[in-house]
Amino acid sequence: MTAPDFSAKNNFIREMVAADVESGRYGRGVATRFPPEPNGFLHIGHAKSICLNFGIANEFGGRCNLRFDDTNPFTEDIKYVNAIKEDVQWLGFTWAEERYASDYFEQLYEFAERLVTNGKAYVDSASEEAIRAGRGTVTSAGTDSPNRARSPEENLDLLRRMKAGEFADGAHVLRAKIDMAHPNMIMRDPLLLRIRKATHYRRGDAWCIYPLYDFAHGLSDALEGITHSLCTLEFKDSNDIYKWLVHEMGFVNPPEQTEFARLELDYTIVSKRKLLRLVNENHVKGWDDPRMPTIAGLRRRGVRPEAIRAFADTIGVARKPARTELATFEHAVRDDLNMEVPRVLCVVKPIKVTLTNYPEGQVEELDASYFPHDVPKTGTRKVPFSRELWVDRDDFMETPSKKFYRLAPGREVRLRYAYFITCTEVVKNEAGEIVELLCTYDPATRGGDSPDGRKVQGTIHWVSAARALDCELRMYDRLFTAADPEAGGDEADFISVLNPESLVVVSGAKIEPSVGADAVGSRYQFERTGYFVSDPDSKPGSLVFNRTVTLRDSWAKVAAKG
RNA sequence: UGCCCCUUCGUCCAAUGGCAGGACAUGUGCCUUUGGAGCACAGAAUGGUGGUUCGAAUCCACCAGGGGCAACCA
């Protein structure tokens, strides 16, 4: 079990675990588990839980299992198992053991027989509707099912025949015999087993009765010797049945469940059901679409696992349901990438610059550092410089506003790593659109410094027109226009608040040739633009980069103020 | 309307009966061969009312507000 780093931040769970370790409460080492259902891809919300569970185990010298909570044959698939394993590993964690709730079906069945024998469970043959109606409401007690009085012998017979496959789906269920008037709805004779004549992705057709979450979860924890079962707030009410079951089955020092608030992130959804809908309805290009909050999506987006872990640490763990601002996440991503990735030059919206006093046909190879002075990494590459260049359209204004420091008629600026240039003429087409800028360069400023001490206010990026490579830039933005896409209730149509500009494809961007042969997945900062990663779709000759996140842009604020 | 949980700067998280602190965000300035990064400074909070106490964000009561629970999902 390893975890590369863990939270230095205090939270109520770590304190509880520390106290339990101190008191020797469980009589065994700390054991946690991360228990996803393999019915979808892991997302940023799961990452919080993963960091918590593995982090706690790591900090206290314990172990953390990866357990697939695969008790519903209708929804689960091996492809999700594989994706989940890949994602957990990519995040940097190693599980103590790989477990499957479906491996406990035999054991759980034995528990079921024992409950029946002890008069603590019964087979209910009522319809789904009748069972629901009998449960009562939040303000009124339920009513006992007529089958509640069945003898243990009859129940055992029915249960065995359920297991043997004698009955159709829905004909019978096994229910715990607790209290149909219990104030906690969960405790009104909760269902334990249901019949599903379905092929399970791991167990095949070996079983036709499947445990429900409440039956399987706590007992699975107990079977694995888990000490601290950490889950999200929506399982709060399940804690009662959890305790009831591990007690009835006689576990000594059973695991105990503690709930914490799940992650909610602005402009993001973390409901697997809804993410599945985005995939199925082709609102995104798959589970790993870079706009998805899935681990696979974030990975393709260019986010590093270090950033996700740092983010999890930043947001902390508490019981209060809370939404986190997207800026908090973006900060974690930038903060990580800033210290890690090389800088290169890429012109997003090219406009031609011709240096009228630069010799035709001449090409210089200029030294350019991969990292700025404040990043403790080294490395340089050569960037070709020539008479015709591309610069970004947004770096020129014909009539510059007051605080615009970039290129303008008569204005001198620095070309990063290269020369000072001065714009002498603006060339327009018949429609009056600017098509080219004629500039002069100062040969004495090679490298970017003027021997006479002359200063310029702006430094802009550029590439050699003769040597630049064409590339496609996929500019990703938030997937939703609403901070809370799920506001307004479960059935509100979150599809309607999809951001139509969540992906803007820029073709014809120009990038320096040094990146031409880099591997897929290479990350960069395109200077003054943002962090990018080369996409799996990228090939030599048709380069594709995903924008991971923009740079902070204080000019945008100034410009917006006018 | 029953049960349960929650309520601290704009946001997230600390402070566990003893100076309400950090991060993000925001603003200002410095610095800068990225309008990046960094540095400095600033503003910014204990939902309300009572009570206990020398002392309450913390304990108690009530109120208000928010959330979860009535799938043969997890």
Side-chain angles (χ1 to χ4, degrees), chain A residues 9-12 15 35-37 39 69-72 74-76 124 127-128 131-133 135-142 169-170 172-175 181-188 191-196 210 212-214 216-217 231-240 259 261 266 272-273 313-332 334-335 338-339 343 345 368-369 372-375 403-406 414-418 420 445 447-449 456-461 525-531 550-559:
Chain A
K9 200 163 166 178
N10 205 17
N11 65 57
F12 75 100
E15 290 207 352
E37 183 189 12
N39 66 345
D69 221 338
D70 52 356
T71 57
N72 182 356
F74 289 169
T75 56
E76 296 153 4
D124 197 345
S127 70
E128 193 171 338
I131 289 174
R132 188 176 307 133
R135 196 144 31 217
T137 70
V138 291
T139 52
S140 61
D169 287 17
H172 307 280
V173 291
L174 184 72
R175 301 180 72 176
H182 198 106
N184 179 354
M185 296 293 295
I186 295 268
M187 295 296 272
R188 320 247 261 225
L191 275 60
L192 269 21
L193 291 168
R194 81 287 215 187
I195 300 170
R196 286 200 164 170
Y210 291 90
L212 280 110
Y213 169 85
D214 281 324
H217 201 90
C231 66
T232 46
L233 252 23
E234 65 268 28
F235 296 105
K236 178 70 191 171
D237 290 344
S238 289
N239 208 340
D240 285 347
E259 310 83 19
D266 278 353
K272 260 198 267 184
R273 187 172 58 79
D313 187 34
T314 298
I315 60 175
V317 177
R319 275 191 231 263
K320 176 178 62 166
R323 294 191 73 79
T324 297
E325 291 178 342
L326 204 51
T328 307
F329 179 67
E330 293 186 341
H331 170 80
R334 289 190 191 103
D335 197 43
N338 177 46
M339 299 305 277
R343 274 63 171 171
L345 302 177
S369 172
H373 61 93
D374 52 1
V375 172
K403 289 188 175 164
F404 187 79
Y405 298 154
R406 288 112 91 148
R414 175 189 295 109
L415 294 180
R416 180 89 159 140
Y417 310 121
F420 286 10
T445 58
D449 279 312
V456 289
Q457 263 190 309
T459 299
I460 65 174
H461 58 283
Q525 184 195 105
F526 293 175
E527 293 213 30
R528 305 206 310 129
T529 301
Y531 293 96
T550 61
L551 254 29
R552 284 185 75 223
D553 187 356
S554 52
W555 160 243
K557 286 175 195 163
V558 173

Protein-nucleotide distance ([X], atom [atom1]; [N], atom [atom2]), rounded to Å:
| X | N | atom1 | atom2 | result |
| --- | --- | --- | --- | --- |
| A:Leu326 | B:U26 | CG | P | 13 Å |
| A:Asn239 | B:C3 | CG | P | 18 Å |
| A:Phe329 | B:C24 | CZ | P | 16 Å |
| A:Arg319 | B:U8 | CZ | C1' | 17 Å |
| A:Arg323 | B:C6 | CZ | C1' | 17 Å |

What is the nucleic acid contact for A:Tyr417, judged by heavy atoms within less than 4.0 Å: base, sugar-phosphate only, or nothing? base
Which is true for A:Asp240 with a 4.0 Å heavy-atom rule: it touches a base, it touches only sugar-phosphate, or it touches nothing? nothing
Is the shortest side-chain N to carboxylate O distance from A:Arg343 to A:Glu527 below 4.0 Å? no
With the threshold set at 4.0 Å, does a side-chain nitrogen-carboxylate oxygen contact exist between A:Asp124 and A:Arg175? yes
Per the 3.5 Å Watson-Crick/G-U criterion and a run length of at least three, the stems involving RNA chain B are B:2-7 with B:64-69, B:10-13 with B:21-24, B:26-30 with B:38-42, B:47-51 with B:59-63
Quick one: is A:Lys320 getting a side-chain N or O under 4.0 Å of the B:C13 phosphate, OP1 or OP2? yes
Look at the side-chain N and O atoms of A:Asn10 and state whether any lies under 4.0 Å from the OP1 or OP2 oxygen of B:A15. yes
Under 4.0 Å protein heavy-atom contacts per nucleotide of nucleotides 61-74 of chain B, with B for base, S for backbone only and - for none: -------BBBSBSB
Under a 4.0 Å heavy-atom criterion, the protein footprint on nucleotides 34-48 of chain B, written with B, S and -, is BBBB-----------
Within the 4.5 Å heavy-atom criterion, are A:Arg334 and A:Asn338 side-chain neighbours or not? no
Going by heavy atoms in the side chains, are A:His461 and A:Thr529 under 4.5 Å from each other? yes
Could you check whether A:Glu259 and A:Thr232, counting side-chain N and O atoms only, form a donor-acceptor pair closer than 3.5 Å? no
For residues A:Arg196 and A:Asn72, is any side-chain donor paired with an opposing acceptor at under 3.5 Å? yes
Considering only side-chain heavy atoms of A:Thr328, which listed nucleotide, B:C24, B:G27, B:C6, is closest? B:C24
Take A:Arg416 and A:Ile460 through the test side-chain contact (heavy atoms from CB on, under 4.5 Å) and record every step on the way to the result. CA-CA 6 Å; A:Arg416 180 89 159 140; A:Ile460 65 174; over 6 Å; no
Would you please name every residue forming a salt bridge (Lys or Arg N to Asp or Glu O under 4.0 Å) with A:Asp266, sequence neighbours left out? A:Arg323
Are A:Tyr531 and A:Phe526 an aromatic pair by the rule of ring centers under 6.0 Å? no
Aromatic centroids of A:Trp555 and A:Phe404 separated by under 6.0 Å: yes
Starting at CG of A:Leu191, measure out to CG of A:Leu174 and round the result to the nearest 0.5 Å. 8.5 Å
Interatomic spacing from OH in A:Tyr210 to CD1 in A:Ile195 - rounded to 0.5 Å: 12.0 Å
Examine distances only and state if a side-chain atom of A:Asn184 and a backbone atom of A:Asp237 form a donor-acceptor pair shorter than 3.5 Å. yes
Counterpart residues, side chain to side chain donor-acceptor pair (under 3.5 Å), relative to A:Arg194 (two or more places apart): none
Taking only N/O atoms, report every protein-nucleotides 17-19 of chain B pair under 3.5 Å with atom names and distance.
none

